[in-house]
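Below: the structure, in structure tokens.
What you see is a predicted model, and the numbers here were worked out from it, not measured in a lab.
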Amino acid sequence: MSTIDSTPHGDADSIDTNDLALVRTYYEKCTSHVFPSEMRQRIGVIVDLGESLGDGHSGIVINSKTYLPIGMAVQLAPDRIYTARHVIFRWASDDGALQSKRQISSLVFIPMNAPQRVISLMSELGSAEDNRDDGLVAFDQVMLKLQQPYNPGGLWPIVRDERSKVSSEPPEVILAGFHAPFARALAAPSSKPAAIKLADWPQYVRFDSSLSCRIVTKSVDGCMIHACDTIGGVSGSPIFLARLESGRPVVVGVHHGTAFNTQHRACAAGNTGVVFNMGAIPLKTAIQN
């Protein structure tokens with residue numbers, strides 16, 4: 001497993017221009033953008049409209065300003081999305097610790113199957129106990145409410161706690177994320193930053209297409225180690241089982257991060273997912289309220 005950017009929201013575009021050809025080759029050979037439409041219509045990016053990028057960066061252009069998504073999310077109901085909770089925080093540049101919480105009112109969700117629909121977020125759901133931050137991976141998850149309900153149609157995902165499953169073969173999964181370096185690599189040999197239109201950003205959502213993209217280990221504390229390639233900004237991306245069940249995607253968690261920082265990473269080394277904490281934020285209750 002190789003992780004291009006081990007930081008949670010690092011500058012995923014800071015790649016030496018001499019390496020752009022290699023980056024392009026990697027993405028074309030080792031990743032794919034073709035995955036079931038039932039999964040595509042539940043995925044989206046989260047953008048902080050309060051933090052636009054300066055010159056020299058590849059990102060999504062919204063109202064003439066360029067933004068790099070701060071994370072991914074999965075839509076579980078018309079007005080509910082689920083993501084890793086650290087996505088809605090800023091990070092200290094020196095040690096990777098959580099620094100300050102972002103203004104929810106400045107955050108937007110952009111669904112992948114309606115890439116020009118920019119939906120503002122209204123609130124963070126759950127009690128203070130649900131949303132505490134004590135470094136435990138089990139609490140790095142949050143349900144967010146959309147200001148305007150959006151129903152892409154089709155069947156809603158099945159949410160499953162895979163820790164209760166016993167299998168001899170590690171289940172294959174799909175974990176997709178917005179990959180800015182691929183956008184810049186496509187601009188080679190000029191190596192100019194890629195200004196991505198809203199309508200075009202879904203084509204830069206990639207996932208590890210190798211057979212090694214599987215759940216490796218699970219534990220009762222909410223950790224779920226997977227062997228899928230990731231990059232900064234993929235945090236909060238849903239971890240889908242690779243196969244649909246009765247035409248419905250199965251979500252078993254959201255991507256948490258790598259073990260780059262032991263202060264906030266409570267899992268073992270490797271990429272980690274967060275198992276849906278059905279006790280902290282009861283899914284059925286959160287959707288109905």
The reported gap from NE2 in His179 to OH in Tyr204 (rounded to nearest 0.5 angstrom) is 14.0 Å

Which residues pass the ring pair (Phe, Tyr, Trp, His ring centres under 6.0 Å) test with Phe207, not counting sequence neighbours?
Phe35

Within the structure provided, determine whether Leu155 and Glu38 are in side-chain contact (heavy-atom separation under 4.5 Å).
no

I want to check something: taking the side chain as every heavy atom from C-beta on, are Pro202 and Arg40 in contact at a cut-off of under 4.5 Å?
yes

What's the spacing between Trp201 CH2 and Ile62 CD1 if we round to 0.5 Å?
10.0 Å

Please give me the minimum heavy-atom distance between Cys213 and Asp208, naming the atom from each residue.
CB-O, 3.8 Å

I'd like to know if the side chain of His86 pairs up with that of Ser235 as donor and acceptor (distance under 3.5 Å, no hydrogens or angles considered).
yes

Does Leu198 form a side chain to side chain contact (heavy atoms under 4.5 Å, CB included) with Gln116? I'd like the steps, not just the answer.
CA-CA 5 Å; Leu198 268 175; Gln116 292 179 289; 4.0 Å; yes

Can Phe240 and Val252 be said to form a side chain to side chain contact (heavy atoms under 4.5 Å, CB included), step by step?
CA-CA 6 Å; Phe240 292 108; Val252 297; over 6 Å; no

Would one find more than 12 heavy atoms of other residues, nucleotides or ligands at under 6.0 Å from atom CD of Glu51?
yes

About how many Å separate OG of Ser105 and CD of Gln147, when rounded to the nearest 0.5 Å?
8.5 Å

State plainly whether one hydrophobic cluster holds both Phe109 and Val61, where clusters connect Ile, Leu, Val, Met, Phe, Trp and Tyr through side-chain heavy atoms under 4.5 angstrom apart.
no

Of all heavy-atom pairs linking Ala176 and Val234, the shortest is O-CG1, 4.3 Å

Could you tell me whether a side-chain N or O of Gln203 sits under 3.5 Å from a main-chain N or O of Asp200, the two making a donor and an acceptor?
yes

Got His226 and Leu175 here, is their nearest side-chain heavy-atom distance under 4.5 Å?
yes

Sub-4.5 Å side-chain heavy-atom contact between Val173 and Cys228
yes

Looking at Arg102 and Phe89, would you say the former's side chain and the latter's main chain have a donor-acceptor pair under 3.5 Å?
yes

Between the side chain of Ser209 and the main-chain N/O of Cys30, is any donor-acceptor distance below 3.5 Å?
yes

Nearest heavy atoms of Pro157 and Leu76, plus distance in Å
CG-CD2, 4.2 Å

Does the side chain of Arg206 pick up a donor-acceptor pair with the side chain of His33 at under 3.5 Å?
yes

So which atom in Gly236 and which in Val87 form the shortest heavy-atom distance, rounded to 0.1 Å?
N-CG2, 4.5 Å

Rounding to 0.5 Å, atoms OG (Ser120) and NZ (Lys145) come to a distance of 14.0 Å

Which pairs, with at least one residue in residues 61-74 and sequence neighbours excluded, count as a side chain to side chain donor-acceptor pair (under 3.5 Å)?
none

Given Val45, which partner from the list Ile70, Leu68, Ile110 fulfils the side chain to side chain contact (heavy atoms under 4.5 Å, CB included) test?
Ile110

Could you go through Met39 and Ile174, starting from their C-alpha distance and side-chain angles, then the distance that decides it, and tell me whether this counts as side chain to side chain contact (heavy atoms under 4.5 Å, CB included)?
CA-CA 9 Å; Met39 298 179 188; Ile174 291 178; 4.0 Å; yes

Measure the shortest side-chain to side-chain distance between Val74 and Thr83 over non-hydrogen atoms and say whether it is less than 4.5 angstrom.
no

Please examine the side chains of Ile225 and Ile215, heavy atoms only from C-beta on, and report whether any two atoms are closer than 4.5 Å.
no

Take Arg90 and Asp48 through the side chain to side chain contact (heavy atoms under 4.5 Å, CB included) test and state the conclusion after the steps.
CA-CA 10 Å; Arg90 294 180 181 85; Asp48 188 343; 3.9 Å; yes

Answer yes or no: is there a donor N or O on one side and an acceptor on the other, between the side chain of Arg248 and the main chain of Trp156, under 3.5 Å?
yes

Could you check whether any side-chain heavy atom of Ile88 comes within less than 4.5 Å of a side-chain heavy atom of Leu121, counting everything from C-beta outward?
no

Residues Arg85 and Val142: closest non-hydrogen pair is CA-CG1, 3.8 Å

Less than 4.5 Å apart, any side-chain heavy atom of Glu245 and any of Arg160?
yes

Can you name the nearest heavy-atom pair linking Pro69 to Val47, along with the distance?
CA-CG2, 4.1 Å

Any chance you could measure Ser210, atom OG, to Lys29, atom NZ, to the nearest 0.5 Å?
15.0 Å

With respect to Gln75, which candidate in Leu146, Ile43, Asn151 satisfies the side chain to side chain contact (heavy atoms under 4.5 Å, CB included) definition?
Leu146

Atom CD1 in Ile104, atom CE in Met122: separation rounded to 0.5 Å?
12.0 Å

